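These figures come from a predicted structure and were not determined experimentally.
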Amino acid sequence: MTDINQLITTINDALWSYVLIGALVGCGLWFTWKTRFVQFRMVGEMLRLLTESAVDSVKGVKHISSFQAFAVSVATRVGTGNLAGVATAIAIGGPGAVFWMWLIALIGSATAFVESTLAQLYKLPYKDSFIGGPAYYIQRGLHQRWMAVLFAVLITCQFGLSNNSIQANTICGALEEAFGWSPLWVGIALVLMALLIIFGGIQRIARVSAVLVPLMAIGYMILAIVIIIMNIELIPHVMKVIVLDAFGFEQVAGGSLGAAMMNGIKRGLFSNEAGEGSAPNVAATATTSHPVKQGLIQALGVFTDTLLVCSCTAFIILISGLYQVPELNGIALTQSALQSEVGNTGPVFVAIAIFLFAFSSIIGNYYYGEANIRFITNSSQRSTLNSQRSNLNSQLIMTVYRLFSGGIMVMFGALASLELVWNIVDFFMAFLTACNLVAIVLLGRYAFRLLDDYRRQKRQGIKEPVFHRSQLPEIEHEIVCWE
């Protein structure tokens, strides 16, 4: 296991050091320039769109609104990455990693705008709403079936499998730190709960989680802000430490500058998912009058996640000074930092919060995988095959996936080391992000044109810009919705 972990670490270092960091930053800067700094110039419009409801203009039927899609995407973002991921980045890369998390959020929000706008453009009708995401815009926009399938496989491996091991590992670490509970027994309990929900039972747990998770997120934010206010005199020092550690001569000489940059960008991407290709799956479901609206909403989601929630965790850890303790990493570092500020209730609060965050993420991650497996199986049936046999094969594939997602990978995460589970996540995240970045760079020109159209209509005094697929005549035949 140690040899495998070392091999994955070596591959990850090569991928992230020489490929992904440059690609993420380069694409973010390119999209920022081509959209004329959309993430900064249109913040007011982003906030306005949150109040917009989605109503079918013909039938008057309520669908998924921009705010609902925003809430779902933020709910999937806020969680393990904000509490454990930030701590891991600081523990490994130092305080300077926080600066690089901020940077990737600021420029990555333009990337989030492009990918979510494209998801809206190429979405398909599905039951009472819509369905879409990178697999769909790759297949319909680039006409590359193999690449669409590759993305679907990668996002299934990333979210449905490896991400679930992270969630389980974080839950077990938090509960062991707070209550001394054995990871083995916690892992078994998590497997049973996850499988019961995934296979269709205990729907009440899922509904309760949908209420408790936002409340816990709000509670964590309030607690973090109170701690920051109580230590407001230390914030200038904390900011100085972050900046100096990100660019300091000591870091350059000691070789830790690269570690700060790499870990900050990796954990920032894990948290806000800008460019990874996951948020577009949610963005495509919204009912709006123009694709740009959901692009703006998702750009705002990146700001909310990294600049607000992640920063709160980072400030708590840096105020405590415990990031310099070698034995502390991951969720244990966040718990210890909170304990130093609010006493023994800190680790308990974080344990409960991370359980709700991470367990809801296990279910959410599963559905990312399920949606993309259905994309593969539904699109790959050949006319010569018996439809009943195809359905049986699809059901078998889905059953195997459910057992792996809610069972094997959850148990693996509960028992594996912190370093190994993060390494596996980073491995799949690198390939998933690379696949999506290639697609949105090739299709980005349509997002730019849509943004120009949206701005033109706003200048004309149109409060709610409207898009029709005839406005892009060269690809009108590729667009199913927007009639």
* Under the side-chain hydrogen bond (donor to acceptor under 3.5 Å, both in side chains) criterion, do Ser405 and Asn164 qualify, and how do the steps go? -> CA-CA 7 Å; Ser405 179; Asn164 276 359; 3.0 Å; yes
* To do: May I have the step-by-step check of side-chain hydrogen bond (donor to acceptor under 3.5 Å, both in side chains) for Glu176 and Ser182, ending in yes or no?
  => CA-CA 6 Å; Glu176 184 178 25; Ser182 167; over 6 Å; no
* side-chain hydrogen bond (donor to acceptor under 3.5 Å, both in side chains) between Glu115 and Asn436, intermediate numbers included -> CA-CA 8 Å; Glu115 63 181 357; Asn436 184 54; 2.8 Å; yes
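Counting only distance, with no hydrogens or angles, the side chain of Ser320 and the backbone of Ile317 share a donor-acceptor pair below 3.5 Å. When atom types are taken as modelled, the side chain of Ser116 and the backbone of Phe113 share no donor-acceptor pair closer than 3.5 angstrom. Although no hydrogens or angles enter the test, the distance criterion places no donor-acceptor pair under 3.5 Å between the side chain of Asn281 and the main chain of Tyr368. Between the Lys123 side chain and the Ala286 main chain, a donor and an acceptor come within less than 3.5 Å of each other.
Using cut-offs of 30° and 60° on the angle between ring planes, the pair Phe315 and Trp102 is perpendicular.
Taking both residues in full, the closest heavy atoms of Gln294 and Gln120 are given as CB-CG, 3.6 Å, listed atom of the first, atom of the second, then distance. Minimum heavy-atom separation, Val302 to Ala105: CG1-O, 3.6 Å. Closest approach of Cys172 to Pro183, counting heavy atoms only: SG-O, 3.7 Å. What you find for Thr111 and Gly275 is that their closest heavy atoms are CG2-CA, 3.6 Å.
The distance between the ring centers of Phe375 and Tyr136 falls below 6.0 angstrom. Here Phe428 and Phe159 keep their ring centres 6.0 angstrom or further from each other.
Here Phe303 pairs with nothing under the ring pair (Phe, Tyr, Trp, His ring centres under 6.0 Å) rule; sequence neighbours left out. Applying the ring pair (Phe, Tyr, Trp, His ring centres under 6.0 Å) criterion to Trp185, with sequence neighbours excluded, gives no partner residue.
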